[in-house]
S.K.: 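Sending over a structure as structure tokens; questions will come in a sec.
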Number of protein chains: 2
Amino acid sequence: MSTDEPYAPEPAGPAPADPSLAHRMPALGSLQLLLAVARLGSLGRAAEELGISQPAASGRVRAMERDLGLALVDRSPRGSRLTPAGALVTDWAGRVVEASAAFDAGVQALRDRRDARLRVAASLTIAEYLLPGWLIALRPLRPATAVSLRAGNSEAVAALLLDGEADLGFVEGPAVPAGLDAVTVARDRLVVVTAPGHPWTRRTAPLDAAELSGRPLILREEGSGTRQVLAEAVGGLAAPLLELASTTALKAAVASGAGPAVLSELAVSDELAAGRLVKIPVEGVRLTRELRAVWPAGHPPVGPARDLLALTRGGRG
Amino acid sequence: MSTDEPYAPEPAGPAPADPSLAHRMPALGSLQLLLAVARLGSLGRAAEELGISQPAASGRVRAMERDLGLALVDRSPRGSRLTPAGALVTDWAGRVVEASAAFDAGVQALRDRRDARLRVAASLTIAEYLLPGWLIALRPLRPATAVSLRAGNSEAVAALLLDGEADLGFVEGPAVPAGLDAVTVARDRLVVVTAPGHPWTRRTAPLDAAELSGRPLILREEGSGTRQVLAEAVGGLAAPLLELASTTALKAAVASGAGPAVLSELAVSDELAAGRLVKIPVEGVRLTRELRAVWPAGHPPVGPARDLLALTRGGRG
DNA sequence: ATGGCCTCATAACCTGGTCCTATGAGCACC
DNA sequence: GGTGCTCATAGGACCAGGTTATGAGGCCAT
């Protein structure tokens with residue numbers, strides 16, 4: 001069992017998905033409860049914060065410990081503290097809660113189109129990866145501000161701004177649409193990724209545009225901004241190996257060995273850090289994009305839009 | 001409503017927590033279902049993959065659309081595809097599922113101590129932020145390998161390795177413990193963070209060691225590796241403003257304006273990008289740490305341990 | 001055209017988890 | 001020894017989600 005092949009002979013099937021994950025996973029409320037216990041030091045006070053009764057909290061923590069097979073909390077007559085394992089589990093729980101809060105913030109913005117006080121129009125990459133976090137950061141500053149989100153490409157964003165149907169926009173790409181003022185809030189790069197063990201990971205020379213445009217890739221569906229940018233940069237694309245409707249599904253397919261894909265660096269930083277995906281060097285292709293905040297020329301944002309803009313600039317605004 | 005103070009007068013209370021988030025949030029299984037629909041293009045096939053009946057899948061998606069107030073899926077007699085809003089929601093859902101998978105991988109490793117084939121000992125920062133991702137990446141390569149995790153400081157990791165009770169270790173800090181060989185797998189920096197609007201964000205000069213050791217901070221509880229490293233680097237710490245049991249709780253407290261804290265850059269990259277936390281420059285303090293894989297000198301890891309090591313080095317191994 | 005096959009939707013019923021209120025038990029501090 | 005805090009237990013109500021069985025609609029090949 002020592003020197004056998006480290007890489008299995010490529011299952012290469014489309015993609016995984018663990019049906020039992022949802023059963024092994026505590027409910028979101030239980031994770032929040034654990035975080036509240038960590039912060040407040042008492043089951044009862046944590047229960048109060050979450051608006052449930054103390055026995056319910058006691059029961060949930062107990063059930064969680066039973067299901068996970070770990071002692072998480074040291075109870076005592078004057079409070080509860082996390083065990084060492086509990087502290088670790090609580091940190092992991094925090095990541096789940098954060099991702100859930102981002103999901104929630106995004107969904108609310110996508111729905112609240114009605115009485116929105118702050119109407120944001122954003123490109124897909126920004127809406128996917130950056131905007132939910134910004135909205136969470138904005139909430140304590142502007143608790144009463146309902147935010148609405150429209151996602152679309154640069155032209156759509158520009159049109160919404162110029163028609164007065166959006167207060168602040170975010171676009172990606174080389175050019176600032178006509179009639180808009182802009183400031184760069186971040187930079188993004190498209191990267192070529194494969195599963196570890198893919199033949200491309202053993203290349204010595206970087207890929208070039210011709211190779212990228214000639215090889216079948218796993219792509220988002222037609223109309224995706226990233227796909228368009230890529231097609232433009234390399235001069236057309238081969239017929240896709242597979243077309244998927246979400247970036248996450250795409251990453252899962254790549255990780256399972258279905259083939260290479262081109263994705264925003266923002267989308268794959270975690271996977272690269274963990275080695276679930278491998279970045280393939282590319283040469284001679286312009287894959288860097290500016291991510292910019294935009295507004296109608298001469299009308300700098302005010303009110304909530306100004307606050308959101310300041311946030312995106314990391315307090316430098 | 002245009003030029004009012006962008007920063008509210010500091011609620012500064014300990015920290016938030018939204019009790020209703022769990023109610024607004026679809027169940028994890030529903031999010032997985034959405035991802036499966038995106039990938040497979042059909043409710044029925046998605047249902048099959050998740051091991052539930054087709055009506056259950058239909059009902060879950062319908063309920064999710066009702067609860068979120070968004071049309072997510074376009075149904076047709078020959079399959080289902082995501083709507084544009086559905087694609088965005090599915091991507092956000094993917095982040096939640098990923099965080100959940102990391103939680104699950106971590107918990108399993110923490111529990112499986114019994115028949116583990118690969119016993120890992122890691123420092124807390126690594127166990128918190130990197131190891132779950134590595135374990136997920138390892139699974140397809142070594143499906144049958146049960147992994148166990150012990151978390152502890154460098155001495156504890158070294159002791160476990162030298163006693164033959166762990167197969168591979170990960171430590172953080174300036175020195176490699178005696179008797180171990182090491183390779184650097186990542187770098188980490190401690191950063192000082194506050195809420196946006198905190199007085200420190202308006203400083204012009206960087207902080208120095210004396211200021212850091214003199215001001216009360218929000219800290220992890222006694223025994224935290226990060227806390228020890230910090231205390232050493234600045235020469236002692238003032239009495240803490242607040243002591244919390246998990247990094248996530250700490251971040252929430254800082255973000256809510258309770259005070260400044262010092263955290264691993266790995267822990268706060270998301271918050272910094274979103275502007276929920278602000279990094280305060282520091283000068284004259286050595287806050288960079290090497291994150292190293294370690295093993296008993298002269299006995300390079302073999303088998304699953306070798307594969308894990310290769311993963312952590314980004315395929316360069 | 002018509003039967004077969006795929007899709008998703010509806011109906012009726014069951015089960016199980018989770019909540020609540022009410023109460024008990026342990027420890028600390030005045 | 002009260003009084004106040006902690007967490008645990010018990011009994012009963014409730015709702016979400018699951019299942020099987022069936023219906024309805026479009027596509028395609030015979």
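Every chain is numbered from 1 and lettered A, B, ... according to where its sequence line falls, protein lines coming before strand lines.
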S.K.: I need the CG-C1' distance between Leu72(A) and dC7(D), as an integer number of Å.
M.R.: 16 Å
S.K.: Determine the contact category for Ala56(B): base if any of its heavy atoms lies under 4.0 Å from a base atom, sugar-phosphate if only primed atoms, P, OP1 or OP2 are that close, otherwise nothing.
M.R.: base
S.K.: Of all the nucleotides listed (dG18(D), dC7(D), dA9(C)), which has the minimum atom distance to the side chain of Gln54(A)?
M.R.: dC7(D)
S.K.: If you assign Pro55(A) and Ser76(A) each to the DNA chain D nucleotide with the nearest heavy atom, which residue ends up on the more 5' nucleotide?
M.R.: Ser76(A)
S.K.: Could you say whether Arg66(B) or Arg62(A) is positioned toward the 5' end of DNA chain D, judged by the nucleotide with the nearest heavy atom to each?
M.R.: Arg62(A)
S.K.: Can you tell me how far P of dA16(D) sits from CE of Met64(B), to the nearest Å?
M.R.: 16 Å
S.K.: Can you work out whether Pro77(A) or Leu43(B) has the more 5'-proximal nearest nucleotide on DNA chain C?
M.R.: Leu43(B)
S.K.: For the pair Thr248(A) and Arg95(B), evaluate side chain to side chain donor-acceptor pair (under 3.5 Å) and give the outcome as yes or no after the intermediate values.
M.R.: CA-CA 8 Å; Thr248(A) 306; Arg95(B) 312 272 290 190; over 6 Å; no
S.K.: Does dT6(D) have its OP1 or OP2 closer than 4.0 Å to a side-chain nitrogen or oxygen of Ser42(A)?
M.R.: yes
S.K.: Inspect the contact between Glu243(A) and Arg227(A) and indicate whether a charged nitrogen and a carboxylate oxygen are less than 4.0 angstrom apart.
M.R.: yes
S.K.: Salt bridge (charged side-chain N to carboxylate O under 4.0 Å, His left out), that's the test. Do Lys251(B) and Asp270(B) meet it? Break it down for me.
M.R.: CA-CA 11 Å; Lys251(B) 286 192 287 185; Asp270(B) 283 6; over 6 Å; no
S.K.: Would you say the side-chain atoms of Gln32(B) pair up with the backbone N or O of Asp18(A), donor to acceptor, closer than 3.5 Å?
M.R.: yes
S.K.: Starting at atom CG of Leu40(A), determine the distance to atom P of dT6(D), rounded to an integer number of angstrom.
M.R.: 11 Å
S.K.: Measuring from the side chain of Ser80(A) (C-beta onward, heavy atoms only), which nucleotide among dC20(C), dA9(C), dC7(D) has the closest atom?
M.R.: dC7(D)
S.K.: How long is the line joining CD of Glu48(B) and P of dT19(D), in whole Å?
M.R.: 13 Å
S.K.: Between Leu33(B) (CG) and dG17(D) (P), how many Å, whole number?
M.R.: 12 Å
S.K.: Nearest to the side chain of Arg78(B), heavy atoms from C-beta on, is which of dC27(D), dG17(D), dA8(D)?
M.R.: dC27(D)
S.K.: Between P on dA16(D) and CG on Leu28(B), what's the gap in Å once rounded to a whole number?
M.R.: 19 Å
S.K.: Counting only side-chain N and O atoms of Arg45(A), is one of them less than 4.0 Å from OP1 or OP2 of dC5(D)?
M.R.: no
S.K.: Please determine if a side-chain N or O atom of Arg75(A) lies less than 4.0 Å away from the OP1 or OP2 oxygen of dA8(D).
M.R.: yes
S.K.: With heavy atoms under 4.0 Å as the rule, sort Ser53(B) into base, sugar-phosphate or nothing.
M.R.: base
S.K.: Measure from NE2 on His23(A) to P on dG16(C) and round the result to the nearest Å.
M.R.: 13 Å
S.K.: Please report the distance, rounded to the nearest Å, between CD in Glu65(B) and C1' in dA9(C).
M.R.: 13 Å
S.K.: Counting distance only, does the side-chain N/O of Ser20(B) pair as donor-acceptor with the main-chain N or O of His23(B) below 3.5 Å?
M.R.: no
